[in-house]
K.L.:
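For reference, the structure I am asking about is given below.
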Amino acid sequence: MNDYKNAPEHQDSEGKSKNFLEIFIEEDIRKGKNESRVHTRFPPEPNGYLHIGHAKSICLNFGLANKYNGLCNLRFDDTNPSKEEEEYVNSIMEDVRWLGFDWEDRLFYASDYFDQLFEWAVKLIKNGKAYVDDQTSEQISIQRGVPTRPGTESPFRNRPVDENLDLFMRMKKGEFKEGTHVLRAKIDMASPNMHMRDPVLYRIMHTSHHRTGDTWCIYPMYDFTHGQSDYLEGITHSICTLEFEIHRPLYDWFLDNLIETEYRPRQYEFARLNLSYTVMSKRKLLELVNEKYVKGWDDPRMPTVSGLRRRGYTPESIRNFADRIGIAKRENVIDVGVLEFSIREHLNKIAPRIFAVLDPLKVIITNYPEGKIEELTIENNPEDLDGGTRIVPFTKEIYIERSDFMEDPPNKFFRLGPGREVRLKGAYVIKCEDFKKDENGNIVELYCTYDPETKSGSGVQRKVKGTLHWVSMETAIDAEVRIYDRLFKTENPDIAEEGKDFKDNINPESLTVVTGKIEPAIKNAKAGEKFQFQRLGYFCVDPDSTSEKLVFNRTVTLKDTWAKMNR
Ligand code: ATP
Ligand code: MG
């Protein structure tokens with residue numbers, strides 16, 4: 001297996017192994033198939049928002065087109081009028097663009113092809129390869145039978161061509177009620193492939209379509225639409241997920257029976273992305289939205305592209321993720337930690353560091369002058385030489401994180417305790433001299449002294465237990481901070497105990513809201529801006545922010561500390 005992958009013909013110029021699609025494509029180019037063109041498409045059904053699985057498919061389709069100097073189309077697969085909405089169309093376009101891809105002038109809708117598809121259906125009827133069936137869908141489904149035994153032929157299967165044509169025209173004119181007639185292909189009721197057992201091509205639906213209005217009351221099925229749409233757009237490599245593998249003979253059958261050219265699109269299948277702790281079915285995501293388990297499609301806990309964007313993910317991190325996981329021919333589950341790693345890696349490079357205290361404990365520096373504001377200069381990002389510096393005010397009263405103090409700390413606690421010294425990052429070394437408790441025994445104030453000799457950058461070395469982040473009380477800004485955890489508490493949330501469903505696996509603590517104290521440098525931060533709150537994680541400004549109050553979302557923790565409850 002490894003030897004095969006390491007063979008030189010299976011590596012690209014950077015020594016990276018090619019995936020199986022790249023190997024197929026290069027072979028097609030070499031053989032001159034379809035004039036050596038590479039033309040892919042991303043074909044979403046506009047019945048929901050895009051999720052990270054779609055993002056993978058987008059990166060794959062547009063990525064292959066880019067790599068082989070080809071083209072990639074965006075095509076809305078809008079054959080089912082009942083579930084599709086304009087809102088979804090718009091969000092899908094926004095998400096594809098945001099991910100960094102461009103369909104240029106090649107935006108298509110399967111509904112653009114309704115006339116042509118209708119003509120093709122007529123052609124099949126005329127050639128004796130399609131018939132109108134008057135049975136109910138239940139009868140049809142019973143007759144289809146099971147894969148191990150031949151099905152039963154419909155009593156309408158051998159209808160004369162003229163009668164079929166007449167009925168199909170009347171279906172189109174709206175003379176029949178829904179469910180009374182369908183058009184079926186006449187293929188093989190004994191085929192071991194159930195999809196070849198006279199599949200339905202058209203059904204009656206008296207429903208308006210978001211683009212064609214009431215022009216049609218018969219609508220083509222996915223299988224009768226997809227390959228022909230590929231053909232009409234000049235697609236060469238039609239890449240879809242594994243569940244369509246078994247549809248491929250049908251995809252080919254339609255093209256073989258409808259077109260004469262040598263040019264042929266071909267369908268290839270890859271394994272869909274599954275992520276641990278995540279549900280990816282659009283139906284389930286819609287349920288979460290409709291039943292208000294989340295605030296909307298773009299809730300930062302959702303695996304949707306818009307949710308990830310709001311959460312603080314960057315397009316680069318998602319593209320890197322898609323690249324990192326590669327593509328497979330077998331179903332698998334990717335650890336959601338891999339996605340989190342990708343954004344952490346990118347934000348580490350680009351996010352300015354700031355101080356924020358999310359669970360504040362007041363510290364009074366007893367020997368520091370009252371009213372003095374010292375302006376300390378602190379670098380924004382040690383990972384980014386061009387990141388610059390900022391001014392951080394230091395005052396007599398500051399906040400530190402409550403968890404950074406222990407009244408009776410064990411030896412291994414590298415933070416503050418009575419009589420202990422720590423460095424305040426970018427400022428001074430302080431020593432805890434005393435503390436005050438309220439009537440319930442909670443610590444409310446620390447009394448510390450600072451050593452003016454130890455100012456950061458002064459060169460004075462002092463061995464201390466640790467370094468803490470802090471915020472000056474006087475100048476701190478209050479911000480709402482939304483701390484997200486995984487939306488599901490089980491690794492495979494699709495699996496539920498008997499009598500329960502995936503929603504019973506929701507993590508009741510997926511959102512905690514706190515008021516943070518943040519240094520004033522970020523006062524004018526805009527929605528979407530990203531920061532590292534030092535020692536706490538990566539955070540971004542949420543669009544809910546107003547001029548009065550900033551709202552932050554936690555994108556991801558600093559390290560993969562989920563299991564350790566280090567929040
Ligand atoms: P539905 O169940 O509604 O059909 P879908 O997730 O297949 O949902 P589509 O809008 O049909 O949604 O998907 C558009 C494209 O994205 C298809 O080519 C599909 O194969 C691909 N895709 C969908 N889900 C995933 C996934 N989890 N991983 C990779 N590709 C996916
Ligand atoms: Mg689909």
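Every heavy atom of this structure was used, including side-chain atoms; hydrogens, water molecules and symmetry mates were not.
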K.L.:
State, without any angle test, whether E45 and N80 hold a side-chain donor-acceptor pair at a distance under 3.5 Å.
P.N.:
no
K.L.:
Using a strict threshold of under 4.0 Å (side-chain N to carboxylate O), is an ion pair present between K329 and E245?
P.N.:
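No salt bridge links E245 with K329.
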K.L.:
Can you list the steps and then say if K431 with Y447 is a side-chain contact (heavy atoms from CB on, under 4.5 Å)?
P.N.:
CA-CA 9 Å; K431 181 177 182 187; Y447 305 102; over 6 Å; no
K.L.:
Go through the steps for V514 and D359 under the test side-chain contact (heavy atoms from CB on, under 4.5 Å), then give the verdict.
P.N.:
CA-CA 8 Å; V514 300; D359 186 10; over 6 Å; no
K.L.:
Is any NZ, NE, NH1 or NH2 atom of the basic residue among E374 and K455 found under 4.0 Å from an Asp or Glu carboxylate oxygen of the other?
P.N.:
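K455 and E374: salt-bridged.
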K.L.:
In Å and rounded to the nearest 0.5 Å, what is the CZ to CG distance from R272 to L275?
P.N.:
12.0 Å
K.L.:
With the side chain counted from C-beta on, respond yes when L64 and L21 share a heavy-atom pair under 4.5 Å apart, and no when they do not.
P.N.:
yes
K.L.:
Taking only Lys NZ, Arg NE, NH1 and NH2, and the carboxylate oxygens of Asp or Glu, determine whether R390 and E519 approach each other closer than 4.0 Å.
P.N.:
yes
K.L.:
Backbone N or O of A328 within a donor-acceptor pair of the R330 side chain at under 3.5 Å?
P.N.:
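Pair absent, no side-chain N/O of R330 close to backbone of A328.
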K.L.:
Does NZ in K425 sit with more than 12 non-hydrogen atoms of other residues, nucleotides or ligands closer than 6.0 Å?
P.N.:
no
K.L.:
As a quick check of understanding, evaluate salt bridge (Lys or Arg N to Asp or Glu O under 4.0 Å) for D494 and K284, giving each step before the final call.
P.N.:
CA-CA 9 Å; D494 290 315; K284 290 180 181 168; 2.8 Å; yes
K.L.:
Determine whether the aromatic ring centres of W470 and F394 lie less than 6.0 Å apart.
P.N.:
yes
K.L.:
Let's go through E291 and K503 carefully: what are the C-alpha distance in whole Å and the side-chain angles of both, what is the deciding distance for salt bridge (Lys or Arg N to Asp or Glu O under 4.0 Å) to 0.1 Å, and is it a yes or a no?
P.N.:
CA-CA 10 Å; E291 296 173 26; K503 286 170 290 176; 2.9 Å; yes
K.L.:
So, E94 and R309, do they make that salt bridge, N to O below 4.0 Å?
P.N.:
yes
K.L.:
Counting only heavy atoms not in N440, do more than 12 sit closer than 6.0 Å to its CG atom?
P.N.:
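Yes - once you tally the heavy atoms of other residues, nucleotides and ligands closer than 6.0 Å, there are more than 12.
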K.L.:
Return yes if a side-chain donor-acceptor contact under 3.5 Å exists between N73 and R41, otherwise no.
P.N.:
no
K.L.:
With a 6.0 Å cut-off on ring centres, are F244 and Y222 close enough?
P.N.:
yes
K.L.:
Take Q461 and T454 through the test side-chain contact (heavy atoms from CB on, under 4.5 Å) and record every step on the way to the result.
P.N.:
CA-CA 7 Å; Q461 301 291 323; T454 58; over 6 Å; no
K.L.:
Before accepting this row, confirm whether a basic side-chain N of the pair R311/D299 lies closer than 4.0 Å to the acidic partner's carboxylate O.
P.N.:
no
K.L.:
Any side-chain to backbone donor/acceptor pair from N553 onto P300? Under 3.5 Å, distance only.
P.N.:
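No.
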K.L.:
Are any of the side-chain nitrogens in K349 or E345 under 4.0 Å away from the carboxylate oxygens of its partner?
P.N.:
no
K.L.:
Test salt bridge (Lys or Arg N to Asp or Glu O under 4.0 Å) on K465 and E421 and set out the steps.
P.N.:
CA-CA 7 Å; K465 282 256 177 188; E421 282 192 336; over 6 Å; no
K.L.:
Do R344 side-chain atoms and L558 backbone N/O form a donor-acceptor pair below 3.5 Å?
P.N.:
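Yes, R344 side chain to L558 backbone: donor-acceptor pair under 3.5 Å.
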K.L.:
For the atom pair CG (L286) and NZ (K282), what is the distance rounded to the nearest 0.5 Å?
P.N.:
10.5 Å
K.L.:
Ignoring hydrogens and geometry, is there a side-chain-to-backbone donor-acceptor pair from R423 to G466 under 3.5 Å?
P.N.:
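Such a contact is absent between R423 side chain and G466 backbone.
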K.L.:
Would you list the pairs meeting salt bridge (charged side-chain N to carboxylate O under 4.0 Å, His left out) in which at least one residue belongs to residues 536-547, sequence neighbours left out?
P.N.:
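Checked against salt bridge (charged side-chain N to carboxylate O under 4.0 Å, His left out) - neighbours excluded - the pairs reaching residues 536-547 are R310-D542, R310-D544, R482-D542, R482-D544.
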K.L.:
In Å and rounded to the nearest 0.5 Å, what is the CG to CH2 distance from L285 to W297?
P.N.:
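Spacing of CG (L285) from CH2 (W297) equals 5.5 Å.
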K.L.:
From I400 CD1 over to C448 SG, what is the distance, rounded to the nearest 0.5 angstrom?
P.N.:
7.0 Å
K.L.:
Given E407, which of K437, R420, K436 fulfils the salt bridge (charged side-chain N to carboxylate O under 4.0 Å, His left out) condition?
P.N.:
K437
K.L.:
With a 4.5 Å cut-off on side-chain heavy atoms, are I52 and L273 touching?
P.N.:
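Yes; the side chains approach each other to less than 4.5 Å.
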K.L.:
Before giving the answer on side chain to side chain donor-acceptor pair (under 3.5 Å), spell out for E491 and S276 the whole-Å C-alpha distance, their side-chain angles and the decisive distance to 0.1 Å.
P.N.:
CA-CA 5 Å; E491 206 166 319; S276 62; 5.4 Å; no
K.L.:
What are the two closest heavy atoms between L308 and P303, and how far apart are they?
P.N.:
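Where L308 meets P303 most closely, the heavy atoms are CD1-O, 4.0 Å.
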K.L.:
List the atom of I373, the atom of P393, and the distance in Å for their closest heavy-atom pair.
P.N.:
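Of all heavy-atom pairs spanning I373 and P393, the closest is CG2-CB, 3.7 Å.
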K.L.:
Would K396 count as a cation-pi partner of Y368, with NZ or CZ less than 6.0 Å from the six-membered ring centre and within 45° of the ring normal?
P.N.:
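Output no; distance or angle outside limits.
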K.L.:
Are F405 and F435, when compared by the centres of their aromatic rings, separated by less than 6.0 Å?
P.N.:
yes
K.L.:
Strictly distance-based, threshold 3.5 Å: is any side-chain N or O of K530 a donor or acceptor partner for the main-chain N or O of Y313?
P.N.:
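The answer is no, because no donor-acceptor pair under 3.5 Å joins these two groups.
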K.L.:
Around D438, counting heavy atoms of other residues, nucleotides and ligands shown, do more than 12 lie under 6.0 Å from its CG?
P.N.:
yes
K.L.:
So, D335 side chain and V338 main chain: donor-acceptor pair closer than 3.5 Å or not?
P.N.:
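No; judged by distance alone, with no hydrogens or angles, the pair does not exist.
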K.L.:
Checking D78 against H210: is there a side-chain donor and acceptor pair closer than 3.5 Å?
P.N.:
yes
K.L.:
State whether Y277 and R486 meet the cation-pi test: NZ (Lys) or CZ (Arg) under 6.0 Å from the six-membered ring centroid, and within 45° of the perpendicular axis.
P.N.:
yes
K.L.:
Got a sec: does the NZ of K372 have more than 12 other heavy atoms crowding it under 6.0 Å?
P.N.:
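Yes, because the 6.0 Å sphere around NZ of K372 holds more than 12 heavy atoms from other groups.
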K.L.:
Return the minimal non-hydrogen interatomic distance between S472 and I398, and the atom names on each side.
P.N.:
CA-CG2, 4.0 Å
K.L.:
Whether the side chain of R402 engages the backbone of I443 through a donor-acceptor N/O pair (distance < 3.5 Å, no angle test) should be reported.
P.N.:
yes
K.L.:
Between F552 and F539, is the ring centroid distance below 6.0 Å?
P.N.:
no
K.L.:
When you compare the side chains of T304 and H51, does any donor N or O come within less than 3.5 Å of an acceptor on the partner?
P.N.:
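On atom types as modelled, these side chains do not qualify, holding no pair under 3.5 Å.
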K.L.:
Judged by atom type as modelled, is there a donor-acceptor pair below 3.5 Å linking the side chain of K489 to the main-chain atoms of L487?
P.N.:
no
K.L.:
Could you walk me through whether M302 and L288 pass the side-chain contact (heavy atoms from CB on, under 4.5 Å) test, one step at a time?
P.N.:
CA-CA 9 Å; M302 291 282 272; L288 293 174; 4.2 Å; yes
K.L.:
Say you draw a straight line from OG1 of T395 to CD1 of I365; how long is it, rounded to the nearest 0.5 Å?
P.N.:
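Spacing of OG1 (T395) from CD1 (I365) equals 7.5 Å.
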K.L.:
Can you tell me how far CG of N66 sits from CG of D102, rounded to the nearest 0.5 angstrom?
P.N.:
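So the gap between those two atoms works out to 9.5 Å.
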K.L.:
Just by modelled atom types, is the D501 backbone N or O under 3.5 Å from a matching donor or acceptor in the D504 side chain?
P.N.:
yes
K.L.:
Does the side chain of L511 come within less than 4.5 Å of K295's, by heavy atoms?
P.N.:
yes
K.L.:
Salt bridge or not between K517 and D478? Use side-chain N to carboxylate O under 4.0 Å.
P.N.:
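So K517 pairs with D478 through a salt bridge.
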K.L.:
Can you classify the ring geometry of Y88 versus Y49 as parallel (below 30°), tilted (30 to 60°) or perpendicular (above 60°)?
P.N.:
perpendicular
K.L.:
Which heavy atom of L99 sits nearest a heavy atom of A55, and at what distance?
P.N.:
CD1-CB, 3.9 Å
